[in-house]
Amino acid sequence: MQIPFPVALSPLARLAAALALLALAAGPAQAQDRRAVSEPAAPAQVCATLSPATAPFGGMLDTERLQSAIDRCPAGSAVHLEAGAGGPGRFVSGPLTVRSGVTLWIDRGVVLAADTDPARYDRGSGACGSIDRKGQACRPFILFSGTRGGGIVGGGTIDGQGGQPMAGRGGETWWQLARRAQAEGGKQNNPRLVVVEHARDIVFHGVLLRDAPNFHVVLDDVSGATFWGVRIDAPADARNTDGIDPGASEDITITRSFIRTGDDNIAIKGGKGATRHVSITDSHFYWGHGLSIGSETVAGVSDVLVRNVTLDGTTSGLRIKSDVSRGGVVSGVTYENVCLRGSRRPIDFDTRYSRSAQGYAIPSYQGIVLRHVAGDGGTLVVHGYDEARPIDMTLDGVRFGPAASWQLENARIRVGAGGAEPPPPGAAPAGAPVTAPDCAGRWAPFPASASAG
C-alpha cells in the first residue's frame with residue numbers, strides 16, 4: 001500500500017532522490033558495517049602496569065605518570081591499570097592523549113576518574129567551566145587524534161564526574177552549568193569524555209563510561225570503530241550527555257552494549273562529512289532521547305542497520321531529526337527486529353526538528369525500512385518536508401498497541417506483506433496477523449557489572 005503525493009520534484013529533490021536510489025541499489029548487504037567484526041581479544045602485550053598511588057604522585061594527580069606511560073608505550077601494546085594489593089583502585093587524572101596503536105586497559109574494579117578542575121581542560125581562553133556563545137573552550141578527558149589501532153578495553157570504569165562540583169566554581173557541577181547555559185541561552189564549556197578524530201581501527205571493549213560532563217564518545221573522521229560490550233551510564237536529567245556520536249565516519253559497529261543517558265543514546269551525524277556503513281546490533285537502550293540520526297545531516301547519512309535492539313523508556317525511540325539549517329540526504333536505513341516500550345514517540349522522523357531554523361539545506365529521508373518492529377503506545381511521527389519531498393519508507397511486520405496513533409505529514413509509506421498495526425492512514429488494515437516480534441523475553445536490566453549481559 002502506498003500513500004501517494006504529487007511528484008513534481010525540484011532539481012534539489014531530484015538530486016536527493018537519485019542519491020537515495022543509488023544507495024538502495026547497493027542492496028541490503030551494504031546497509032551495515034562492511035568489516036567482518038568479532039569480539040576483540042585482550043591485549044597481547046603490556047608495556048606498563050600501574051597501580052593507584054597511595055597519595056597524589058609527587059603532590060600532583062595521576063596525569064603525569066599515566067601520560068608518561070602512554071607516551072613510552074609502543075604501538076600494539078597496552079598500558080594496564082590494575083587495582084593493586086589494596087583492592088579496588090582509583091586513578092584521578094587530567095586530560096590524556098593516547099598515542100597511535102596504544103590501548104588503555106582498565107581492570108574490573110578500577111576507576112579512572114576525570115579531575116573536576118576546569119583549568120586543566122582549558123584550551124587557552126580561560127573559558128572552560130563557563131558559559132559563552134561557542135562552547136568550544138575545553139579539551140576532552142581522553143583524546144585519540146590521528147591514531148591507527150588501539151582503544152580502551154577491560155571491565156573497569158572511566159568516570160567523568162559530571163555530577164561533582166567543579167573546582168573553584170562555588171559548588172556548581174558540570175551538569176548544573178549545562179542547565180544554567182540552557183536557561184541563559186548560552187553554550188556551556190564542558191569537556192567531552194572521549195574524542196576520537198582522524199583515526200582508524202579503534203576498539204572499545206567491556207568498559208563502563210559514566211557521568212560525562214558532556215558527550216561520552218565522539219567520533220570525527222573515523223574509519224573502522226568497534227564498540228563491543230560497552231556500558232554508558234548517566235542520569236536522565238544530565239543535559240548533553242550523548243552516549244556515542246559517530247560523525248563523518250564509516251564502518252562503525254556498536255554491539256552487545258547498554259546505554260542510558262540524559263540525551264541521545266546514539267546520534268549518527270553527517271555534518272562535516274558523510275557517515276555511512278553503521279551497524280547497531282544486539283544492544284539495549286534505556287532512558288535517553290533515543291537511537292537517533294541527526295540533527296546534522298547536511299553531508300549525508302546512509303547504509304545504517306539497526307538489528308536485535310530494545311529501547312526501554314527512551315523519550316523518542318527510532319529517530320531521524322534535521323531541518324533546513326543542517327539537512328541532507330538520509331538513505332538506506334533499516335530497522336529490523338526491534339522492540340520498544342514506554343516511548344512517547346517510538347517512531348520520530350522529523351524534517352523540521354527546529355521550527356525556527358532558516359536555510360536551504362532541505363532534509364530528505366529516503367529508503368527507510370522498518371521490518372519486524374514492535375511497541376506499545378505513543379505517537380508515530382513521520383513529518384516530511386513538503387508534498388514534493390515526502391519521507392519515503394516501508395513498514396513490514398510493524399505492530400504497536402491500540403493506544404498508538406500516527407501523525408503523518410508528507411509521507412510516502414508502503415506496507416509490506418508482514419503488515420502494519422495500526423495501519424497508517426490510507427492503508428488497508430492487515431488481512432492476516434502482523435508478523436512483528438514477540439518482545440516479552442527481550443527486555444534486559446541495565447547490567448550492574450561488566451560480566452552481566
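Note that the structure is a prediction, hence the values are computed from the model and not measured.
- A heavy-atom distance below 4.5 Å is not found between the side chains of Asp350 and Ile320.
- Looking only at atom types and distance, the side chain of Gln188 has a donor-acceptor partner in the side chain of Asn240 under 3.5 Å away.
- Other residues, nucleotides and ligands place no more than 12 heavy atoms under 6.0 Å from the CZ atom of Arg276.
- A salt bridge links Asp220 to Lys272: one of the charged nitrogens lies within less than 4.0 Å of a carboxylate oxygen.
- Side-chain contact of Thr253 with Asp33: a donor-acceptor pair under 3.5 Å is present, judged by distance alone.
- With a 6.0 Å cutoff to the six-membered ring centre and a 45° limit on the axis angle, Arg231 does not count as a cation-pi contact of Phe446.
- Partners of Arg319 according to the side chain to side chain donor-acceptor pair (under 3.5 Å) rule, which considers only residues two or more places apart in sequence or in another chain, do not exist here.
- For Ser322 and Arg352, the side-chain atoms include no donor-acceptor pair closer than 3.5 Å.
- Between Phe285 and Thr310, every side-chain heavy-atom pair lies at or beyond the 4.5 Å cut-off.
- Ring planes of Tyr121 and Trp174: perpendicular class, angle over 60° (limits at 30 and 60°).
- Here the OG-OH distance, from Ser364 to Tyr385, works out to 12.0 Å after rounding to the nearest 0.5 Å.
- Asp282 is not listed as a side-chain neighbour of Val309, based on a closest heavy-atom distance of 4.5 Å or more.
- A salt bridge links Arg341 and Asp312; the closest N-O separation between the charged side-chain nitrogens and carboxylate oxygens is under 4.0 Å.
- Under 3.5 Å, the side chains of Glu197 and Ser145 contain a donor-acceptor pair of N or O atoms.
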